[in-house]
Each structure stands twice: as C-alpha cells, then as structure tokens.
Student: 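Take this structure, written in structure tokens, and hold onto it; I'll ask about it next.
Side chains are part of it too, since the values below use all heavy atoms of this structure and drop only hydrogens, waters and symmetry mates. Each chain gets a letter, A, B and so on, in the order its sequence line appears, and its residues count up from 1. Please read all numbers here as calculations on a predicted model, not as lab measurements.
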Amino acid sequence: MNTLIFLVQQMMMFSIPLMVVALGGLFSERSGIVNIGLEGTMIFGAFLSILFISNMQGTIPGQPVLLLGILIAAVAGVVISLPHAFASINMKANQVISGTAINMFAPAFAIFTARMVQPSTAQQVPFINQFRIEKVPLLGDIPIIGPMVFQNAYITTYIGIAILVVSWLVLYKTKFGLRLRACGEHPQAADSVGINVYKMRWLGVIISGVLAGVGGLIFIIPTTTSFNASVAGYGFLALAVLIFGQWRPWRVAFAAFFFGFMKTVASAYSTIPLLASSNIPSDIYKMLPYIATLVVLAFTARRSQAPKASGIPYDAGGR
Amino acid sequence: MKKLMRSEGTYSFLSSLIAIVIGILLGFIVLLIANPGQAFNGLIAIIKGGFGSMRDIGQTLYNATPIIMTGLSVGFANKCGLFNIGGPGQFIVGGYVAVYIGVEWTFLPGFTHWAVALIGAVVAGAIWGAVPGILKALANVNEVITCIMMNYIGMSFVNMMVRRTIYDSLKNQSKPPAATAILPKAGMDKIFESGGAPSSANAGFIIAVLVGILVWIVVSKTKFGFELKACGLNRDAAKYAGINEKKSIILSMVIAGSLAALGGALLFLAGAGRGIHVEDVLMAEGFNGIPVALLGMSNPIAIIFSGLFIAHLTMGGFNMQLFGFVPQVIDIITSVIIYFSAFSLFFRQMLQGKNRRRRVEASVTAGIEETRGPAEDEPPLPGEKPPAQKGRGGDGE
C-alpha cells in the first residue's frame, strides 16, 4: 500500500503539468489555431517565473512567492504567444511555422538571459524548493486518499485540478465557451451569427499561453532544483495528450494521468517487488507509455473528433 | 530576364531574403543590448560565418550535412501534406544501425562497408517512418502524435540497444566504427584544412547534395512525385482522380524516414569521433530539420542552400564567442528568421503588388483603346449622343 501511495504522489508531479499544458493546447485548437509552440511557451514561462522566485525567495516567504511566480508565468506565457497569434490570425500564416519559431526562441532566450543576468554567468537558474506541503491539516488524515493526494503535495497540484474544473465549466457551460468552440468548427457560420472570429481566436491563443506558461512552472517546481532551459519535451507530450484526449477536458485529464502513471512506473519500477524481480530493462518501461498510446490510437482514431477548422487560416469570404 | 524577375521562384527567394535580413537585424539589436562595445564585431562574425578559414568552411559543410538530410525529410513529407516531426527518432535509429554495422560487420571489404551501413540506416529509417505512415493512411491517426511517440520509442530503444551491443562504458556512448566504415574524405580533408588541422568535412556532404538533387527529380519530374503533391493538396480530389492516396501517404513517410535516418548515418560515420550518447535526450539535429525545410519552402534544392545557410550562421555563432557573446544568439536569430519566413506570402504579395498594379493598369488602358476604336465608325443610335471627338476633353461623356 505504501508503494501505491508513493506512486500516486509521484504521478501527480508528472500528470498535473501535462494536463494543464494540454488544456492550454485545447483552448487554442478549439478556437481553430494549432499551437505547436507549447514547449517553448512552457520554457519561457518557467524561466521568467523561476528567475523571479530565485531572486525573491529571500524577501518573500514560502507559498506567496510561488503564487506570484505563477502570475508571472501566466503573463510570460501570454507575451510569447502574442507573435504566434498575430502571425496565425491576422497574417493568416502557416501556424506550424510560428509555433516552431517559439520553440526555438524560448530556450535560446532563457540561456542567453540567464548568462547575462546571473552572477558568474551561470546558465542554470537555481532555487530552493520550500514549497512542498507535508500534510494538508484536516484532509491529509482521510484513510486512503489522504496520503495519496493531500500529503507530500504542492499547491500547484490543487491549482491544476482547479484549472481542469474551470476549463470544463467555461468550455461547456458558458456563452463564451460555446462561441469559442464554434470558431474552431465552422468559423464562417460563427461569423454569420455575429461572433467576432478574430477576437475569439486571439482569446483562445492567449488562454493557451497562460496555461502553458503556468504549466511550465508547475513542471519545474517539483522535479528539479535548478532550471536549465529545458522541459524534457513535455510540450510535445502535451500535444499527444490533447489528441489522445480527443479535445475534451475530462478525457485530456484522463490521458494525462495515464501518461503520468506509466512514466512513474517506468522510473520507479524498482520499488515494486513484482517488477523489480523480473529482468526487464528500464528502457522497456520508458517505451511502454508511448507504445501503449500508439496501440490505443490505432484502434480509436477512426472516430477522431478534431475541431474541423483547426489549423486552417480563417477566410472570411469562404463557405 | 524580366520573366525570371517576376517568376514565383524569385518572389519566394526574395521573401526568404527579407526574413533573413530582419532576423539578422534583430539579432544585432540583441547583441547591442548585451554588449554594445563588441556588438559590431559580433555582427561581422555572424555574417562572415565560416569564411574565416578553409577549416571553418569545411566545418560548415560538416555541420550542414545532417540538417540538410533532416530538412529534406521534413520537406518531402510536407509535399504530401504531412508534418514529419519524427526526425529525432528516425535520425537516431538510422545512426544506430549504421554504427552497429560499422562496428560489428568488419567482414565486409573496403568501400562496401560504409555503403552497406548507409543502406542499413535507410532501411531502419524506412521502418521507423512506415509506422506513422501506415497509422495515418489506414487508421487516420494524426501523424504528429505518432511521430512524437516514435521519437521517444526510438530514443529509448537505441539507448537500450547501444548498451547491449556496442557499448563503451567509459564514455557512455557507442564504440567507434571500424576504419573501413568511416565515410571517405574524398579529398576534402586536403582542401578544407588550415594550419595542418583538417576539418571534419567528408563525402557525406556530397552524398547529401546528391540525395537532395535526387529528391528534387522525384518530386518534380516523376509520376510518383506528382501523385504525392496531388495527395498533399487535396486528398479526396486525388482519390477521385484515381490516385491510391493511402499508398502515397505511406510511401511519403517511409521515404521521409529514410532521409532522416540517412542523415544520422552520415553524422555518426563522418569520422569526427562522435558517438551515440546513451542518454534520454532527443537529438537536436532531428528537430533542426524543421527550420531548414521551412526556410527552403519545402523545395529540395532550396533546402540544400538553407541547410548550408543555417550551418553558416551556427559557425558564425561559434566564432562570435571570441567577442564574449553567448552562442545562443544564433538560435535567437534563426528563430526570428523562421518566424518571418511565415510572412512570406505577405511579403510576396507586397512585392507583387506594385508589379500587379502596373500590369492591371496597362491591360485596362489597352482594353479601353480596343473598344473605343471600332465604336467610332458606327453611327450613333437614335437618341444617343455622338461619340466624343478625337482628342480628350470632349463634352464629358
């Protein structure tokens, strides 16, 4: 049982950032703009917020500095997404190109600025991880779920879950969400009833910038103590999670947890007695989530529910 | 000459050129912010790139080879409307098979050794590209996600296989291939050397250029290439015209995979002492093919040049460190160039706009003169005013 609790705690650290970034991709693609630049947005958001946290940790205490960091990550994510939005929406350019440009720009910018700004031109941005919550006062004592979710956690975990719930509410229960989805399915029809497609798509990309930036920070905080301009390909993985989740929030969450769980088993299999005794090399475990995804997709993708107008520049004169 | 000036190709080239100029200008601004005193020297270093010494030119060719191949891979898949983001996976799988043959199959004589290694890499890449291709053609799975999966599977698979078969535990990388498996220098080590130290340039670059020309011939001059392009422009229309679009998609990814894998083989068999590192990192050369293909507008010949150009910039960035700048500035410049290359359609319309207006006006005037001429011979219908007299300024018709 203790192993399971440990596995679930670890899984949270992998899954929550993946889910948040994938939800960002969801908002963008649902409005009709493909955002390949999630990886770069994560790096940019994480870099600026970690830089802030690293420098302000002395003056501002524990959790508040993390919350401020989240705010900065959100703003950073928006800033780096603005060129992508402009190129894709106003210039009707190829959306893959501007996304790729962001992916190239962000790590280069992070390393360049880190070396310029930090003493002794250090490339990595170190910070002290003082954000782990040992136990949430009352909830941590609940028999099984308590240790899994409310001990050894971070406040970012709960923020991530809140983002999931809010995303679902906004997308399916509000007027704004309905209009956003309309722009991704048939923008000309949406335009005919008076929705400003450009404004909706801009909002979609901005929201994806916020979530991806925050997701970058959520990823870095539990996993390392110094940021080195890399998020280990999580941005691309989030794209896969988005497609796996068929562009629906709860399915995306399920996909993110599936991936996170497999990744955790891959890295912590030595703690599971049954798996440790079999001589399967660790690389097989690392490949497992990806192979599983391929297999599942092969059987389910025929009924793909991608937003119909996603990736196609909006042509107001079209049918 | 005028026709050449106004052709589509020239406009594409000019718009790429505009993107490059803007990118370098913005890079210069970054240099100014970082270190105003040395900024101009840094800019000169970037523009000069590898032209400082013969050895540097050779290094540029060596650096260009893998990204030309991955660029061709992305560009070729793009012709069929597919986005091959699986470069890293295909690259490393091809590299592994080539190195394995290079290390283990020493029974092969002389030049056949490296040739067989390259063929092995091509086969491995074909298999690695076939998986996303088949899944897309038969099960309609988005090739982006399958390619991403194959990247990670390839990375872990090669790590595992290197550890088991050709492992050098001291350096945590693959063992060096046999001397007969190293690509021949083709005299390039004599040409591109300075101060007695040759560069790593080798026949790999020549192979890359030849492959690029071959790909261009296939895409532009063969029926197969035509079918691919038709499939990419409109899959349903191609099917209606009788083209087997499933076959086209699968073959497109298979070939794209082989191209990237060949790039991996050319890199690791270049004799520069670079082995396959056993670590959980996707190879950057795999992804760097995307900007090369974008800058080259997916045209194989243009991709050769854009690969050379990006390698040239990289060399410049390396030399720029002399003035105290971080080489990441080059990545910043490249990303800005890529971003503005997306505006190529906009630039092209801007350039063509002036031309178009002139042409439109000329044809309108010609049309007016044509219609005015004969009409003056006919008598006016009753009630109609007679046509205006010759010489403008008539009674304001």
Side-chain angles (χ1 to χ4, degrees), chain A residues 34 36 40 83-84 87-88 91-98 100-116 121 123 229-230 232-233 236-237 239-244 266 281-294 297-304 306, chain B residues 30 33-35 78 83 85 88 131-132 134-136 138-142 144-161 163-164 278 280-282 287-288 290-291 294-295 325-346:
Chain A
V34 169
I36 298 256
H84 176 57
S88 312
M91 288 282 139
K92 304 195 207 303
N94 187 333
Q95 295 162 19
V96 167
I97 298 183
S98 31
T100 306
I102 294 179
N103 286 341
M104 286 195 79
F105 177 80
F109 175 81
I111 294 180
F112 177 76
T113 315
R115 285 170 84 154
M116 205 169 65
T121 63
Q123 184 171 307
S230 162
F236 292 114
L237 214 53
L239 272 175
V241 165
L242 173 66
I243 299 175
F244 194 100
S282 70
D283 297 296
I284 300 269
Y285 288 110
K286 288 189 191 157
M287 292 196 271
L288 220 47
Y290 307 105
I291 300 178
T293 311
L294 279 180
L297 281 176
F299 286 113
T300 61
R302 200 167 285 277
R303 292 171 277 114
S304 167
Chain B
V30 170
I33 297 176
N35 186 347
N78 203 23
F83 184 38
I85 200 173
V131 174
I134 293 175
L135 283 176
K136 170 91 183 190
L138 301 179
N140 192 29
V141 185
N142 190 324
V144 171
I145 178 172
T146 41
C147 279
I148 296 175
M149 297 296 117
M150 294 304 281
N151 280 344
Y152 288 103
I153 296 176
M155 173 186 84
S156 296
F157 179 70
V158 167
N159 281 347
M160 184 174 76
M161 293 307 285
R163 250 197 286 257
R164 294 183 145 214
V278 177
D280 285 346
V281 168
L282 294 173
F287 282 126
N288 285 343
I290 299 178
L294 289 176
L295 202 56
F325 291 109
V326 181
Q328 269 70 30
V329 177
I330 293 299
D331 290 326
I332 295 182
I333 293 179
T334 314
S335 63
V336 172
I337 293 177
I338 299 302
Y339 178 71
F340 280 103
S341 77
F343 291 20
S344 66
L345 191 63
F346 175 71

Student: Can you name the closest pair of heavy atoms from A:Ala298 and B:Ala139 and give their distance?
Tutor: O-CB, 3.7 Å
Student: Show the numbers, then the answer: is there a side chain to side chain contact (heavy atoms under 4.5 Å, CB included) between A:Leu294 and B:Met150?
Tutor: CA-CA 9 Å; A:Leu294 279 180; B:Met150 294 304 281; 3.7 Å; yes
Student: Under the side chain to side chain contact (heavy atoms under 4.5 Å, CB included) criterion, do A:Phe109 and B:Asp331 qualify, and how do the steps go?
Tutor: CA-CA 8 Å; A:Phe109 175 81; B:Asp331 290 326; over 6 Å; no
Student: Between B:Phe157 and A:Asp283, does the side chain to side chain contact (heavy atoms under 4.5 Å, CB included) criterion hold? Intermediate values first, please.
Tutor: CA-CA 7 Å; B:Phe157 179 70; A:Asp283 297 296; over 6 Å; no
Student: How far apart are the closest heavy atoms of B:Ile338 and A:Met104, and which atoms are they?
Tutor: CG1-SD, 4.4 Å
Student: Write down the atom of A:Pro83, the atom of B:Tyr339, and the distance for their closest heavy-atom approach.
Tutor: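 For A:Pro83 versus B:Tyr339, the nearest heavy atoms are O-OH, 2.6 Å.
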Student: Contact part of B:Val281 toward chain A, heavy-atom cut-off under 4.5 Å: side chain, backbone, both or neither?
Tutor: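 Neither part.
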Student: Taking C-beta and beyond as the side chain, do B:Ile332 and A:Phe105 meet within less than 4.5 Å on heavy atoms?
Tutor: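 Yes, at least one pair of side-chain atoms sits under 4.5 Å.
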Student: For B:Ile337, is it the side chain, the backbone, both, or neither that has a heavy atom closer than 4.5 Å to a heavy atom of chain A?
Tutor: neither
Student: Tell me, do A:Met287 and B:Met160 make a side-chain contact under 4.5 Å, heavy atoms counted?
Tutor: yes
Student: Between A:Thr100 and chain B, with a heavy-atom cut-off of 4.5 Å, which part of the residue counts as in contact: side chain, backbone, both or neither?
Tutor: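 Contact with chain B is through the side chain of A:Thr100 alone.
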Student: Aromatic ring centroids of B:Phe287 and A:Phe236 under 6.0 Å?
Tutor: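 For B:Phe287 and A:Phe236, the ring centres are under 6.0 Å apart.
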Student: Roughly how far, to the nearest 0.5 Å, is the OH atom of A:Tyr290 from the CE atom of B:Met149?
Tutor: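 Here the interatomic distance stands at 7.0 Å.
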Student: Under a 4.5 Å cutoff for heavy-atom pairs, which residue among A:Asn94, A:Ile243, A:Leu239, A:Thr113 has the most contacts with chain B?
Tutor: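 Of the candidates given, the most pairs with chain B belong to A:Ile243.
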Student: Between B:Asn151 and chain A, with a heavy-atom cut-off of 4.5 Å, which part of the residue counts as in contact: side chain, backbone, both or neither?
Tutor: neither
Student: Hey, what do you get for OG (A:Ser98) to CZ (B:Phe340), rounding to the nearest 0.5 Å?
Tutor: 11.5 Å
Student: Flag the one option from A:Ile36, A:Ile291, A:Asn103, A:Leu242 with the top tally of heavy-atom pairs under 4.5 Å to chain B.
Tutor: A:Ile291
